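Labels below follow one simple rule: chain letters A, B, ... track the order of the sequence lines, proteins then strands, and each chain is numbered from 1. These numbers were taken from a predicted model, which means no experiment stands behind them. Worth knowing before you read on, the calculation uses all heavy atoms, side chains too, and leaves out hydrogens, waters and symmetry mates.
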Number of protein chains: 2
Amino acid sequence: MKPTIYDVAEQAGVSIATVSKVVNRNGKISEQTRERITKIMADMGYFPNLVASALSSKKTYMIGLLLPDISNPYFAELARHIEDRAQELGYNIVICSTDNRMDKESEYLTFLQQKGVDGIMLSTGLANPQSLELLLERKLPIVLISREVPQTAVNTVIVDDYMGGYLATSHLLQLGHRDIAIIVESMDLASSRGRLKGYRSALQEYEIPYLEQWVTVSEFTIASGMEAAGRLMDGPGRPTALFACNDLLAIGTIQAARARGIAVPDQLSVVGFDNTFLATLIDPSLTTVGQPILELGRQAVDLLHKEMIGDGQAKQRIVLLPELVVRSSTASIPH
Amino acid sequence: MKPTIYDVAEQAGVSIATVSKVVNRNGKISEQTRERITKIMADMGYFPNLVASALSSKKTYMIGLLLPDISNPYFAELARHIEDRAQELGYNIVICSTDNRMDKESEYLTFLQQKGVDGIMLSTGLANPQSLELLLERKLPIVLISREVPQTAVNTVIVDDYMGGYLATSHLLQLGHRDIAIIVESMDLASSRGRLKGYRSALQEYEIPYLEQWVTVSEFTIASGMEAAGRLMDGPGRPTALFACNDLLAIGTIQAARARGIAVPDQLSVVGFDNTFLATLIDPSLTTVGQPILELGRQAVDLLHKEMIGDGQAKQRIVLLPELVVRSSTASIPH
DNA sequence: AATATAGAGTTAAGCGCTTTCCCCTATTCA
DNA sequence: TGAATAGGGGAAAGCGCTTAACTCTATATT
């Protein structure tokens with residue numbers, strides 16, 4: 001049977017309190033006994049039972065990570081960085097793919113709370129403000145990452161979507177494009193609205209009118225990006241450039257263009273968003289707005305950590321700045 | 001404060017044992033009290049504390065998932081299917097990216113055991129037989145998925161690598177290729193050895209000699225695939241076809257070819273392995289050996305589940321069969 | 001009529017830790 | 001010399017649940 005703290009205590013001829021203090025390096029223990037007990041623990045192959053420890057200390061050292069879909073490369077990368085940083089701080093990650101569905105989201109949230117996770121990291125688009133409020137009431141540490149929920153006082157780490165949209169569109173404008181379409185993920189997402197706003201701002205700066213007909217809403221997949229881009233291309237007055245609000249959609253766009261014999265970037269410039277590894281994989285390689293995914297993950301974990309250990313200053317919103325990464329999917333408009 | 005089982009019991013005027021039985025739907029409780037208590041629980045917003053429950057029942061309803069890297073699309077997809085099935089059965093997944101490093105692997109394994117996970121799913125290449133033995137000794141349910149560890153009596157769900165290698169190579173041979181190179185992931189992996197064996201078998205069947213010079217070992221990334229493929233192409237006597245042991249390597253190969261002005265598939269046919277979504281994304285779309293990833297995930301979870309609930313028959317090894325998916329990266333050799 | 005049995009609950013002993021007091025001894029200080 | 005104090009360790013009360021064993025009725029069995 002696995003040895004418990006009692007076995008160790010007995011073996012060492014001390015109380016379990018003493019052993020506990022050795023394990024947790026707190027309380028006053030002489031150097032000798034500490035070493036003696038440490039050795040005994042090693043000999044017996046003793047490891048503290050973290051479930052029991054969690055029950056009395058209220059700390060499970062687990063973080064719940066809710067995101068739309070772990071098999072989406074953007075979120076997979078993000079998850080990886082979150083996992084790495086969490087591991088450094090001694091936490092494990094429980095993944096929860098919600099598919100942006102409210103029912104899954106609440107189901108997972110209930111579960112996670114029951115399991116006593118120390119904190120929750122939420123990257124799930126349509127985060128239900130109601131369930132969010134509930135969590136906040138329960139004082140459960142939360143950090144929103146990559147997707148924010150406006151009008152809610154909760155720690156948040158995001159990238160400046162407005163600026164991203166602006167950068168992408170300005171780049172196209174500078175290349176001489178005037179007929180620029182945009183595909184957004186979903187108007188329910190604050191991030192989409194921000195990117196769209198950046199798009200409009202850039203247009204305005206160049207005194208180009210904003211046309212509803214060039215704004216398309218799509219799902220999160222390559223296939224639906226293809227379909228949405230197809231609609232734009234087959235419509236009247238084809239755009240010469242297209243800004244897709246994530247790399248998946250941009251890739252769908254390139255594929256749609258290819259299917260129609262429209263050359264990228266010669267006949268159509270395409271800009272993506274996220275700068276996942278897919279961007280360098282597609283041909284032509286994708287010009288895209290780069291998110292500092294690593295930073296995003298690390299900072300979010302650090303913020304959550306602070307809240308979890310009760311180093312809770314005021315809530316904050318950290319906004320990281322995106323960067324345009326120019327590759328081969330954009331070109332100046334032929335005169 | 002969050003209500004506990006005591007609060008509910010008091011409110012209902014019964015003992016906590018009764019409440020516990022209502023929660024767990026076991027024991028003998030009259031329909032009336034059951035309903036009454038259920039209502040009280042709902043009114044109070046009571047949810048059982050699963051940490052406490054875990055301490056006494058020894059069940060955490062958590063599964064540890066060890067894999068090389070969650071940001072690798074193959075493993076991300078696999079993880080997603082595992083997560084989905086686990087969720088259906090009431091389990092959560094703790095992800096652990098090991099980078100195929102033994103130190104990370106053991107660190108995570110220790111952690112997971114301390115946290116009392118009910119089972120472990122291992123998809124981590126070089127699984128250290130020693131730590132594996134240790135887990136088996138402790139009677140911790142384990143399932144190996146996608147990567148097997150030979151000579152160890154442990155439940156395993158894999159795909160038939162030998163057959164996959166054979167299918168890929170035969171396809172190329174049928175297209176008339178005779179100079180066929182292969183890039184494997186790492187000779188430490190049983191899967192690599194299996195695929196290589198299939199490659200040899202197919203060659204033998206066509207009475208083509210097996211040449212060491214056409215076997216290259218690479219890492220798991222696109223970049224290293226590019227580099228490995230480059231070595232092959234720049235060497236003397238360029239192959240007319242190449243079998244890459246995963247899609248990432250195949251994509252690296254296509255990029256390496258592109259960089260050298262070698263046309264795929266006209267001057268070089270390329271076959272991948274895994275059939276991740278990347279295969280349809282690259283241009284030309286990739287002919288690849290398709291793994292039934294969904295089935296792999298589901299079966300592995302089901303097998304683990306059986307072991308966890310003690311429905312433990314003999315250990316088994318489930319081998320799923322791969323399927324060749326022909327796309328545009330292969331063509332018959334020009335006469 | 002006496003006994004067995006099934007039904008509905010209760011009691012209480014854990015599960016393996018953490019943590020707050022508390023105690024004892026040895027040293028230090030005035 | 002007596003009191004204060006610091007150091008090292010222990011006792012015991014939880015943490016919130018599960019579960020074996022038990023009690024008490026009410027009904028069925030022979």
Side-chain angles (χ1 to χ4, degrees), chain A residues 1-38 40-41 44-62 90 111 113-118 138 309-310, chain B residues 1-38 40-41 44-62 90 111 113-118 138 309-310:
Chain A
M1 235 32 268
K2 265 185 68 177
T4 72
I5 198 171
Y6 288 95
D7 302 321
V8 176
E10 190 178 338
Q11 185 82 22
V14 298
S15 75
I16 61 166
T18 305
V19 178
S20 173
K21 283 169 190 163
V22 170
V23 169
N24 299 301
R25 318 180 176 294
N26 59 17
K28 304 152 191 286
I29 300 291
S30 72
E31 203 44 50
Q32 298 169 38
T33 23
R34 177 185 304 284
E35 277 171 19
R36 196 164 59 82
I37 293 180
T38 305
I40 289 176
M41 293 193 300
M44 299 179 76
Y46 168 76
F47 288 100
N49 175 332
L50 261 27
V51 175
S53 157
L55 181 56
S56 54
S57 72
K58 310 268 160 231
K59 294 209 184 74
T60 54
Y61 291 97
M62 290 203 306
F111 247 94
Q113 274 179 273
Q114 289 191 246
K115 296 214 170 159
V117 295
D118 293 343
R138 296 196 194 254
I309 62 176
Chain B
M1 233 34 263
K2 265 186 67 176
T4 73
I5 198 170
Y6 289 95
D7 302 321
V8 176
E10 190 178 337
Q11 185 79 23
V14 298
S15 74
I16 60 166
T18 306
V19 179
S20 173
K21 282 169 189 163
V22 170
V23 169
N24 300 302
R25 321 180 172 294
N26 60 15
K28 302 153 192 283
I29 300 290
S30 72
E31 203 44 51
Q32 298 168 38
T33 21
R34 177 185 305 284
E35 277 171 18
R36 197 164 58 81
I37 292 179
T38 306
I40 289 176
M41 293 193 300
M44 299 180 74
Y46 169 76
F47 288 101
N49 176 331
L50 261 27
V51 175
S53 156
L55 180 56
S56 52
S57 72
K58 310 266 160 235
K59 293 207 184 77
T60 55
Y61 291 99
M62 291 203 305
F111 246 94
Q113 272 179 275
Q114 288 191 246
K115 296 214 170 162
V117 295
D118 293 343
R138 296 194 195 257
I309 63 176

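A:D118 contributes no side-chain N or O that, together with a main-chain N or O of A:K59, makes up a donor-acceptor pair within less than 3.5 Å.
Using a 4.0 Å heavy-atom distance criterion, A:S30 is classed as a sugar-phosphate-only contact.
Straight-line distance from the OH atom of A:Y61 to the P atom of C:dC17: 15 Å, rounded to whole Å. Across the protein-nucleic acid pair, A:K28 atom NZ and D:dG10 atom P stand 16 Å apart, rounded to whole Å.
The number of heavy atoms from other shown groups lying within 6.0 Å of CD (A:Q114) is above 12.
In this view, A:Y61 and A:Y91 satisfy the ring-ring contact (aromatic ring centres under 6.0 Å, His included) rule, not counting sequence neighbours. Partners of B:S30 by side chain to side chain donor-acceptor pair (under 3.5 Å), not counting sequence neighbours, listed by chain and number: B:T33.
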Q.
Please encode protein proximity along nucleotides 15-27 of chain D as a string of B, S and -, counting only heavy-atom distances under 4.0 Å.
A. BBBBB--------
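In terms of phosphate contacts, A:T18 brings a side-chain nitrogen or oxygen within less than 4.0 Å of OP1 or OP2 of D:dG10.
When the C1' atoms of four end pairs are superposed on the next four at each end of the helix from C:dA1-D:dT30 to C:dA30-D:dT1, using five pairs per end, the two resulting axes differ in direction by 40°, to 10°.
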Quiz: residues 45-55 of chain B side-chain donor-acceptor pairs under 3.5 angstrom, not counting sequence neighbours:
from, atom 1, to, atom 2, distance (Å)
B:N49, OD1, B:V51, N, 2.7
B:N49, OD1, B:A52, N, 3.1

Quick one: side chains of residues 14-26 of chain A, donor-acceptor pairs under 3.5 Å with protein atoms, not counting sequence neighbours, listed by atom name and distance.
from, atom 1, to, atom 2, distance (Å)
A:S15, OG, A:A17, N, 3.3
A:S15, OG, A:T18, N, 3.4
A:S15, OG, A:T18, OG1, 3.3
A:S20, OG, A:N24, ND2, 3.4
A:N24, ND2, A:S20, O, 2.9

